[in-house]
Amino acid sequence: MTSSLQFQHFIDGQFIASADNLIDVINPATEQSLGAAPDAGAALTDSAIGAARAAQDAWAAQPAIARAQYLRRIAAGIREAAPQIANVIAREQGKLLALAQLEVGLAAEYLDYYAEWARRIEGEIISSDRPGENMFLFRRPMGVVAGILPWNFPFFMIARKVAPALITGNTIVIKPSEETPFCAYEFARIVESAGLPPGVFNLVNGLGSTVGQQLVTSAAVDMISFTGSSGAGSTIMANAARNVTKLSLELGGKAPSIVLADANLDLAVAALRWAKTMNTGQACNCSERVYVQRSVYERFCEQLRADFATIRMGDPLAESSDMGSLINRAAVERLTRQVDDARGKGAEVLIGGKGHEAGAGCFFEPTILINTGPGMDVLEREIFGPMLLIEPVDDLDQAIALSNDSEYGLTSSIFTNDLNSAMRAVSRLKFGETYVNRENFEAIQGFHAGVRRSGIGGADGKHGLYEYTHTQVAYIQS
Ligand code: NAD
């Protein structure tokens, strides 16, 4: 029996313990409690926003290269504490320890990457129509950013918001998911050791309906950077309208993958295995629907089924496991309902289709459904689990039409050895991201963004950096 994990809010450079409004956190692989973390409530959330506000001018006044030194120190602290952090992530979220280690490493790399941008935050000089006038365009920080996070990459997501926000001169209040607060506390401990000025980074735990709502509706918050479900994203958008607060929304996905007859099928199978085992299919960018050209459909289904049969689902901390658990019991129930609904409407389960009994861990078998169609929940809503739908198509045009027929527009992929088909798909798939002959995994220097119900704005790279700025133009007559 291990001792309970601890959580304290971090406001204005101080850790604040509280025993009020405790929210129990479950290890989903065992369904045992890991400990409880308090909800900050309105007063503490307001003090976190106030601390961020008070610290912002002085932080923005530092040269970016000075701010970068703090990011590098936090990155170094993360690398030093990596084994401990990865262990916490795996236990509170249910992902494999190896993936948790990768997540921690990526968080450090992300901070280093944006530290490199310190010398490249650039404005423009524009020629004026007036004699003797210069027009200067400056990138200014938004001010106070509220970063509201999901549970699926709970540690990396902190870095993804903190790094671009801080390097451009903003201060931040982070609210982790109430399902995964403990790794966020680890992040705050590293921030404290790195000596970041008080108020620049603040952490408050709590529910979306309490702390999240408070952050979104506060007039003292200048930007909301939200990653989570499309449903919560639209509520946040409506609530942010009150103060016309700037939004960056990274929301849900329902990624299609197209497999053409000329594709390297082994590569496609390996990529789809990765998609569904990586984080147990709980990634916004992972494939949920596969459209396979009819001539190779049977062969492909059999190859993928045989591959899925080898996936060892089990203890996230054990090296022998290929796939961990879902986030909670509600997720097991959601996937079970989706399978029942699809089956009742004529779909067939090729492999898998069920979860463990309550109390035995929130595991769900790697699952393939065929003969799915309109009106099935599994086709219309995000699955967010280790389940794939595979359907035959006549040609690329039909595959593209079916792929685009979705409320979501985050990621998509195609497997083909024909350059024309690949380029045609890239130009016609209406998604923020398209992978060609490759598994789903975005790069730090790319741009991760969705269209339609998948979001507004985006993260990573140069374009993700400037999300955290507004543009000021100075007209200077001399
Ligand atoms: P969620 O929407 O349930 O919660 C996300 C966060 O929002 C949590 O911190 C929650 O407390 C908070 N929240 C909920 N309602 C709120 C409200 N009304 N006001 C303010 N805050 C509120 O999402 P989740 O279950 O934690 O995460 C899974 C979802 O995230 C999936 O839909 C997934 O596709 C999406 N996601 C998207 C990306 C991306 O980059 N596009 C990345 C990861 C996850």
Side-chain angles (χ1 to χ4, degrees), residues 23 25 28 37 39-40 42 45 92-95 103 106 146-161 173-181 183-184 203-218 221 224-242 245 247-255 275 278-288 326-328 330-331 334 381-385 406-411 431-433 440-442 444 446-460 464 467:
I23 306 169
V25 179
D39 185 295
T45 304
E92 67 180 337
Q93 199 253 295
K95 65 163 49 94
E103 176 173 350
L106 272 179
I148 303 180
L149 312 180
W151 47 260
N152 67 335
F153 287 91
F155 193 79
F156 172 68
M157 288 293 172
I158 307 175
R160 205 183 216 178
K161 304 215 180 286
V173 180
I174 288 286
K175 187 199 93 60
S177 165
E178 58 276 23
E179 308 262 10
T180 50
C183 64
L203 172 72
V204 278
N205 181 52
L207 300 173
S209 55
T210 56
V211 175
Q213 167 83 2
Q214 180 94 3
L215 289 170
V216 167
T217 52
S218 167
V221 168
I224 298 153
S225 177
F226 172 76
T227 304
S229 61
S230 298
S234 24
T235 307
I236 286 171
M237 197 169 171
N239 290 336
R242 189 184 299 183
T245 308
L247 286 169
S248 174
L249 300 176
E250 310 295 323
L251 309 179
K254 185 137 197 84
M278 193 268 282
N279 218 23
T280 320
Q282 300 167 118
C284 58
N285 60 8
C286 81
S287 183
E288 300 213 340
L326 289 172
I327 183 66
N328 53 29
R334 186 185 69 247
R381 297 233 322 262
E382 203 177 17
I383 297 170
F384 224 56
S406 170
E407 293 180 343
Y408 297 96
L410 192 58
T411 67
F431 290 80
E433 216 164 295
N440 56 295
F441 207 74
E442 59 261 18
I444 292 176
F447 188 54
H448 178 58
V451 293
R452 302 191 289 285
R453 276 176 66 77
S454 291
I456 294 175
D460 312 336
E467 285 270 307

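Residue numbers start at 1 and run along the sequence shown. Every number for a ligand or one of its atoms is a count from 1 in the order of the listing.
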Problem - Nearest-0.5 Å distance that lies between atom OG1 in T227 and atom CD1 in I158 - result: 11.5 Å
Handout entry: pair Y408-L410: side-chain heavy atoms closer than 4.5 Å
Key = no
Would you mind listing each N/O atom of ligand 1 next to any protein N/O under 3.5 Å, plus the distance?
{"unit_1": "ligand 1", "atom_1": "2 (O)", "unit_2": "S229", "atom_2": "N", "d": "2.9"}
{"unit_1": "ligand 1", "atom_1": "2 (O)", "unit_2": "S229", "atom_2": "OG", "d": "2.6"}
{"unit_1": "ligand 1", "atom_1": "9 (O)", "unit_2": "L149", "atom_2": "O", "d": "2.7"}
{"unit_1": "ligand 1", "atom_1": "9 (O)", "unit_2": "K175", "atom_2": "NZ", "d": "2.9"}
{"unit_1": "ligand 1", "atom_1": "11 (O)", "unit_2": "K175", "atom_2": "NZ", "d": "2.8"}
{"unit_1": "ligand 1", "atom_1": "11 (O)", "unit_2": "E178", "atom_2": "OE1", "d": "2.7"}
{"unit_1": "ligand 1", "atom_1": "11 (O)", "unit_2": "G208", "atom_2": "N", "d": "3.2"}
{"unit_1": "ligand 1", "atom_1": "23 (O)", "unit_2": "S229", "atom_2": "N", "d": "3.4"}
{"unit_1": "ligand 1", "atom_1": "25 (O)", "unit_2": "W151", "atom_2": "NE1", "d": "2.8"}
{"unit_1": "ligand 1", "atom_1": "26 (O)", "unit_2": "W151", "atom_2": "NE1", "d": "3.3"}
{"unit_1": "ligand 1", "atom_1": "30 (O)", "unit_2": "G228", "atom_2": "O", "d": "3.3"}
{"unit_1": "ligand 1", "atom_1": "32 (O)", "unit_2": "E382", "atom_2": "OE1", "d": "2.7"}
{"unit_1": "ligand 1", "atom_1": "34 (O)", "unit_2": "E382", "atom_2": "OE2", "d": "2.6"}
{"unit_1": "ligand 1", "atom_1": "40 (O)", "unit_2": "H448", "atom_2": "NE2", "d": "2.8"}
{"unit_1": "ligand 1", "atom_1": "41 (N)", "unit_2": "L251", "atom_2": "N", "d": "3.3"}
{"unit_1": "ligand 1", "atom_1": "41 (N)", "unit_2": "L251", "atom_2": "O", "d": "2.7"}

Problem - Contact list for residues 148-161, test salt bridge (charged side-chain N to carboxylate O under 4.0 Å, His left out), sequence neighbours left out - result: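 Listed once each, the pairs are R160-E442, R160-D460.
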Handout entry: Those residues that, when tested against R334, pass side chain to side chain donor-acceptor pair (under 3.5 Å) (two or more places apart)
Key = none
Fill in the blank from the handout: Hits for side chain to side chain donor-acceptor pair (under 3.5 Å) against K95, two or more places apart or cross-chain, chain-then-number order -> Q93, E103
Exercise for the section: Please say whether the positively charged group of R452, taken as NZ for Lys or CZ for Arg, lies over the ring of F431, i.e. under 6.0 angstrom from the six-membered ring centre and within 45 degrees of the axis. Expected result: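 Flagged: R452 positioned over aromatic ring of F431.
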